[in-house]
Amino acid sequence: MEYNVSIILVTYNRAKELEVLLRKIEFYNWNYLNFVIVDNCSTDSTSDLLKQLSDSLHLDIISANSNIGHGAGLALALELLLTKSVHPEYVVFLEDDSIPSQSLIEILVGQIKRSPYDLLAPLGSINKVGKRNIVKPLDNSIQEVDFVVFDGAILRFKVVENIGLPQMDWFMMVDDYEYCFRIKKAGYRIGVVENDFHEVLHLGDGSGFTSSSLWRGYYTERNYVLFVKKHFTLTNLADFILFFTKRVLACLPAPDRSHRIGLKFKGLWHGLLNKKGMTLDPNTIRFIS
């Protein structure tokens, strides 16, 4: 069955995992309008892999000149779809650390077609000031939320046509939160529904006191400040202050607490200065002048 759907995936230096995912999709023989992959200037064999599979998967490959981040990668892919003579009805978002099942597209399209929702995902949250209530349904019911993760999500393309693209200059973190905020502000509905038809590996998880959580902590604070400046309300300001305090306190047990807390305050300061793009190298944890 052919679906009026496009697929988007942003990847960076995960050629091994990406090949497993793409080989499965090749075997599934999915029918879709477009499959757009954004290569964020990978330095491994990703480029060769995409060229090898380009014809069989009918890929639209966008090769970034530098690592521009996940949100900017999504924006480039959606921007490309906007230039097509035929727009998809839906967009499905995949991640390079998730393995889809053969029924993914069929189930996602069926779920959103039968619902009044404009964005559906397997995991999300209801947002309160200083608190996020995680919602992950265990049945086929859909629960309305304020924010969702985009891995395994499906979006009505009319939303993109009406509200535009995700942030292209925030590099990493909070860009998905900001996009969901705009979706809700425009009157569209976001929901979560049970999704057990893809395996999520989350190889880039930045939880715990790891080097990944160091740079993620910096960009989280910087971009939350940028978010509050862009969508200023007293509620959003109070929400940031409470969460910033919680995140700083959560660093106290870390052996490198001074470094972590310092990066968070640096992120806050850089947000106030309106610094954007990659300002901290995730590999070296050094600032870029």
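Position 1 is the first residue of the sequence; numbering continues from there. We use all heavy atoms of the structure for the numbers below, so side chains are in, but hydrogens, waters and symmetry mates are not.
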Undergrad: Measuring only between side-chain heavy atoms, which start at C-beta, is Leu78 closer than 4.5 Å to Pro166?
TA: yes
Undergrad: Is a side-chain donor-acceptor pair under 3.5 Å present for Lys230 with Gln167?
TA: yes
Undergrad: Is it the case that Ser101 and Ser103 place a side-chain donor and acceptor less than 3.5 Å from each other?
TA: yes
Undergrad: More than 12 foreign heavy atoms under 6.0 Å from NZ of Lys246: is that the case here?
TA: yes
Undergrad: Can you tell me if Thr46 and Arg14 form a side-chain donor-acceptor pair at under 3.5 Å?
TA: no
Undergrad: Treating Ser56 as the side-chain partner and Leu53 as the backbone partner, does any N or O pair qualify as donor plus acceptor under 3.5 Å?
TA: yes
Undergrad: For residues Asp48 and Ser45, is any side-chain donor paired with an opposing acceptor at under 3.5 Å?
TA: no
Undergrad: Flag the pair Leu80 / Thr83 as yes when at least one side-chain heavy-atom distance between them is below 4.5 Å, and no otherwise.
TA: yes
Undergrad: State, to 0.1 Å, how close Ser213 and Thr210 come at their nearest heavy-atom pair, and which atoms those are.
TA: OG-O, 2.8 Å
Undergrad: On a heavy-atom basis, which atom in His231 and which in Lys185 lie closest, and how many Å separate them?
TA: ND1-NZ, 4.3 Å
Undergrad: Using a 6.0 Å cut-off, check whether atom CG of Leu249 has over 12 heavy atoms from anything other than its own residue.
TA: yes
Undergrad: Show your reasoning for whether salt bridge (charged side-chain N to carboxylate O under 4.0 Å, His left out) applies to Glu26 and Arg23.
TA: CA-CA 5 Å; Glu26 184 180 40; Arg23 292 293 184 190; 3.2 Å; yes
Undergrad: If the test is salt bridge (Lys or Arg N to Asp or Glu O under 4.0 Å), which one of Arg182, Lys184, Lys128, Lys131 qualifies with Asp146?
TA: Lys184
Undergrad: Specify whether Trp215 and Phe171 have parallel, tilted or perpendicular ring planes, treating 30° as the upper limit for parallel and 60° as the lower limit for perpendicular.
TA: tilted
Undergrad: Parallel, tilted or perpendicular, judged at 30° and 60°: which one describes the rings of Tyr218 and Phe287?
TA: perpendicular
Undergrad: Any salt bridge between Asp281 and Arg286, counting N to O under 4.0 Å?
TA: no
Undergrad: Do Ile68 and Met168 have side chains that approach each other closer than 4.5 Å (heavy atoms only, starting at C-beta)?
TA: no
Undergrad: Pair Thr11, Glu17 - check side-chain contact (heavy atoms from CB on, under 4.5 Å), show working.
TA: CA-CA 10 Å; Thr11 189; Glu17 293 78 17; over 6 Å; no
Undergrad: Kindly assign one of parallel, tilted or perpendicular to the pair Tyr224 and Phe240, based on the angle between their ring planes and the thresholds 30° and 60°.
TA: tilted
Undergrad: How many angstroms lie between CG in Asn4 and NZ in Lys113, if you round to the nearest 0.5 Å?
TA: 8.0 Å
Undergrad: Do Trp30 and Phe35 make a side-chain contact, defined as non-hydrogen atoms from C-beta onward lying under 4.5 Å apart?
TA: no
Undergrad: Apart from Phe243 itself, what residues make up its hydrophobic cluster when side-chain heavy atoms of I, L, V, M, F, W and Y under 4.5 Å apart count as a link, directly or indirectly?
TA: none
Undergrad: Less than 4.5 Å apart, any side-chain heavy atom of His70 and any of Tyr12?
TA: no
Undergrad: Apply the side-chain contact (heavy atoms from CB on, under 4.5 Å) test between Ile37 and each candidate in Asp96, Leu59, Asp60; give the one that qualifies.
TA: Leu59
Undergrad: Determine the minimum heavy-atom distance between Asp44 and Ala15, stating which atoms define it.
TA: OD2-N, 3.1 Å
Undergrad: Work out which heavy atom in Pro100 is nearest to a heavy atom in Leu104; give both atom names and the distance.
TA: CB-CD2, 4.1 Å
Undergrad: Determine whether Arg216 and Thr220 satisfy the following criterion, side chain to side chain donor-acceptor pair (under 3.5 Å), listing intermediate values before the conclusion.
TA: CA-CA 6 Å; Arg216 287 171 182 267; Thr220 293; over 6 Å; no
Undergrad: Using only atom types and a distance under 3.5 Å, with no angle test, would you say the side chain of Asn236 pairs donor to acceptor with the backbone of Phe232?
TA: no
Undergrad: Distance under 6.0 Å and angle within 45° of the ring axis: does Lys264 meet both against Phe244?
TA: no
Undergrad: If you compare all heavy atoms of Leu268 against all heavy atoms of Glu221, which two are closest, and at what distance to 0.1 Å?
TA: N-CB, 4.0 Å
Undergrad: Measure up the Phe147 and Tyr177 rings against each other and bin them: parallel (under 30°), tilted (30 to 60°), perpendicular (over 60°).
TA: tilted
Undergrad: With a 3.5 Å distance limit and no angle check, can you tell me whether Ser125 reaches the backbone of Ile134 through a side-chain donor-acceptor pair?
TA: no
